[in-house]
Amino acid sequence: LVVNITEGTQYRVNNIAAGLISLGIHPEERVALASGTRYEWVIADFGILAAGAATTTVYPTTNAEDVSYIVADSGSRIVIAEDQRQVDKLLTHRSQLPAVEKVIVIDGVADGDDGDWVMSLDELEQRGAALLAESPSVVDDRVDAIRPEQLATLIYTSGTTGKPKGVRLLQKSWTYTATAMDSLGVLSDKDLNYLWLPLSHAFGKVMLALPLVVGFPTVVDGRVDKIIENLAVIRPTIMGAVPRIFEKVHGRITEMMANEGGVKKTLFDWATGVGVQVSRAKQAGESVSPLLALQNKVADQLVLAKIRDRFGGRLRFFISGSAALDRDIAQWFDALGIPVLEGYGLTETSAASTLNRPYAYRFGTVGWTLPQTEAKIADDGEILLRGPGVMEGYHN
């Protein structure tokens, strides 16, 4: 699904926002969103924000006990759940969730004894449409009243140091990160983003803020097993991913060539070897010899361009985050003509704090800080960050 802020999307976002207002949601109150990456996640999140409220993100594979903890600790009054599986997690711990007044299910309808607590997303949108018919400015009034310092998102940490902590990210957290990345001049409204990342995490979430500033469309499909297949169909110009995805792509293509064997395997090895030589020369700041440049041109025509076509043929670069990318994998993609730009950030810094640039990047590094973000290494090796993207603090 291609997501632009078109009339149809805006209509649904407004209806969701108005539906939440009709249920009594006030500015900065939390609405939890427990779902995988899909179009409805996007419009639900925008609807929550347009109501002036804040989204508590819940990763879809989170167990019932942790879901209950996150929903309760955040003080979420409404939960938007993807399907019955997510609803069941809430029902299991309903007695521990006295603040939750409604559960809104994306796929499915309320039935049986749960009808007083559960309603469908369609029903919520119908309620919103009815309220807008009576009070056409109800959502616009909420949007106009939003302040930069207002809570926008609560994202809970993994809990590796105890119970998960809710990271309080403000409206200005996302507008800063998106505007700072836009100021680098490496993205434009001509780009097409393929978004599969978990939207419950900061890396995915910032990819929803970026198109609102830059103006590019986004294709949304959270099915990880479809990434390679989708690249050829969607033909994106940019995509964010985590290291394991690049490892899988590299492994799949090299295994396929190994199975082909013979001349194809020999030609593949030669072409990628030439590409790696060119990549190494550029990384070292050395000029590429005329002979190597000619070999690379032939390698590109015979092999490398065909591999790029498997990714749609239009990719300008990938963005990698969340963990360190193996240098050999980064160099292999660079040899193909698709740089992988590594960055660094945290949930606590609204995702991106540093990023390599397409015109200047070095494998094994995370690039420069974004404008207005400062970084320092403490005497004990701790990374210190300061800037507009840093969280307000931990919830409670």
Side-chain angles (χ1 to χ4, degrees), residues 3 37 155 173-174 176-222 224 227-228 230-231 234-250 279 283 308 311-327 329-347 349-371 373 375 385 389:
V3 180
T37 294
I155 301 179
S173 304
W174 299 119
Y176 159 72
T177 304
T179 305
M181 291 185 73
D182 182 39
S183 73
L184 302 179
V186 300
L187 300 168
S188 79
D189 58 5
K190 303 295 189 296
D191 277 309
L192 175 62
N193 177 40
Y194 172 22
L195 179 57
W196 64 269
L197 291 162
L199 295 175
S200 48
H201 292 170
F203 190 6
K205 186 74 169 64
V206 80
M207 299 306 289
L208 290 184
L210 269 171
L212 299 184
V213 174
V214 184
F216 56 75
T218 294
V219 179
V220 181
D221 187 342
V224 176
I227 291 175
I228 297 176
N230 280 346
L231 281 167
I234 294 165
R235 303 183 66 235
T237 61
I238 56 172
M239 187 183 90
V242 295
R244 66 184 175 86
I245 297 301
F246 299 112
E247 292 162 5
K248 282 185 177 181
V249 171
H250 171 264
S279 174
Q283 283 283 297
R308 291 198 301 274
F311 305 144
R314 301 201 312 147
L315 273 165
R316 297 197 297 119
F317 54 82
F318 288 114
I319 298 174
S320 179
S322 85
L325 178 65
D326 182 274
R327 292 189 188 205
I329 299 291
Q331 190 134 60
W332 185 83
F333 276 95
D334 197 51
L336 299 183
I338 310 173
V340 181
L341 309 179
E342 287 192 85
Y344 173 77
L346 307 158
T347 303
T349 63
S350 316
S353 294
T354 76
L355 186 66
N356 273 284
R357 317 303 201 238
Y359 49 81
Y361 54 92
R362 184 170 294 173
F363 308 137
T365 77
V366 293
W368 293 272
T369 55
L370 296 185
T373 290
L385 293 165

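For the single chain, residues carry numbers from 1 onward in sequence order. Any value given below was found using the heavy atoms of this structure, including those in side chains, with hydrogens, waters and symmetry copies removed.
The backbone N or O of Ile234 lies less than 3.5 Å from no partner atom in the side chain of Arg314, so there is not a single donor-acceptor pair. Side chain of Gln283 to main chain of Gln331: no donor-acceptor pair is present (N/O by atom type, distance under 3.5 Å, no hydrogens or angles). A donor-acceptor pair is defined here as one N or O able to donate and one able to accept, closer than 3.5 Å; no such pair exists between the side chain of Ser322 and the backbone of Val242. Without hydrogens or angle criteria, Asn356 side chain to Glu342 main chain gives a donor-acceptor distance under 3.5 Å. Formation of a donor-acceptor pair under 3.5 Å by the Ser350 side chain with backbone atoms of Gly389 is found in this model. Judged by distance alone, with hydrogens and angles left aside, the side-chain atoms of Thr349 form a donor-acceptor pair with the main-chain N or O of Leu346 at under 3.5 Å. Listed for the Arg357 side chain is a donor-acceptor partner under 3.5 Å among the backbone atoms of Leu355. With hydrogens and angles disregarded, a donor-acceptor distance shorter than 3.5 Å links the side chain of Thr354 to the backbone of Val366.
No side-chain heavy atom of Asn193 sits less than 4.5 Å from a side-chain heavy atom of Val219. Using a 4.5 Å heavy-atom cutoff, the side chains of Leu315 and Pro236 are in contact. In this structure the side chain of Ser279 reaches within 4.5 angstrom of the side chain of Phe363, judged on heavy atoms. Using a 4.5 Å heavy-atom cutoff, the side chains of Met239 and Phe311 are not in contact. With a 4.5 Å cut-off on side-chain heavy atoms, Leu184 and Pro371 count as touching. In this structure, the side chains of Phe318 and Leu341 stay at 4.5 Å or more apart for every pair of heavy atoms. No side-chain heavy atom of Leu192 sits under 4.5 Å from any side-chain heavy atom of Phe216.
Among all heavy-atom pairs drawn from Ile319 and Phe203, the shortest one is O-CZ, 3.9 Å. Residues Thr37 and Leu195 come closest through the heavy atom pair CG2-O, 4.1 Å. Shown here for Val340 and Ser320, the closest heavy-atom pair between the two residues is CG1-CB, 3.6 Å. For the pair Phe333 and Val249, the tightest heavy-atom approach, listed with the atom from each and the gap, is CZ-CG1, 3.8 Å. Considering every non-hydrogen atom in both Leu385 and Ser353, the closest pair reads CD1-OG, 3.8 Å. Minimum heavy-atom separation, Thr347 to Ala202: CA-CB, 4.0 Å.
Rounding to the nearest 0.5 angstrom, the gap separating the CG atom in Leu325 from the CD1 atom in Ile245 is 12.0 Å. The distance from the CH2 atom of Trp196 to the CG atom of Leu231 is 11.0 Å, given to the nearest 0.5 Å. Taking OG1 from Thr373 and CH2 from Trp368, the interatomic distance works out to 15.5 Å, rounded to the nearest 0.5 Å.
A side-chain donor-acceptor contact under 3.5 Å links Tyr361 and Asp334. Using modelled atom types and a 3.5 Å distance limit, the side chains of Tyr194 and Thr218 yield no donor-acceptor pair.
No more than 12 heavy atoms of other residues, nucleotides or ligands lie within 6.0 Å of CZ in Arg362, so this atom counts as exposed by the packing criterion.
Here Arg308 pairs with Asp300 under the salt bridge (charged side-chain N to carboxylate O under 4.0 Å, His left out) rule; sequence neighbours left out.
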field: Stepwise side-chain contact (heavy atoms from CB on, under 4.5 Å) test for Leu210 and Leu187
entry: CA-CA 9 Å; Leu210 269 171; Leu187 300 168; 4.0 Å; yes
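Within the structure, the salt bridge (charged side-chain N to carboxylate O under 4.0 Å, His left out) test picks out no pair touching residues 238-248 (sequence neighbours left out).
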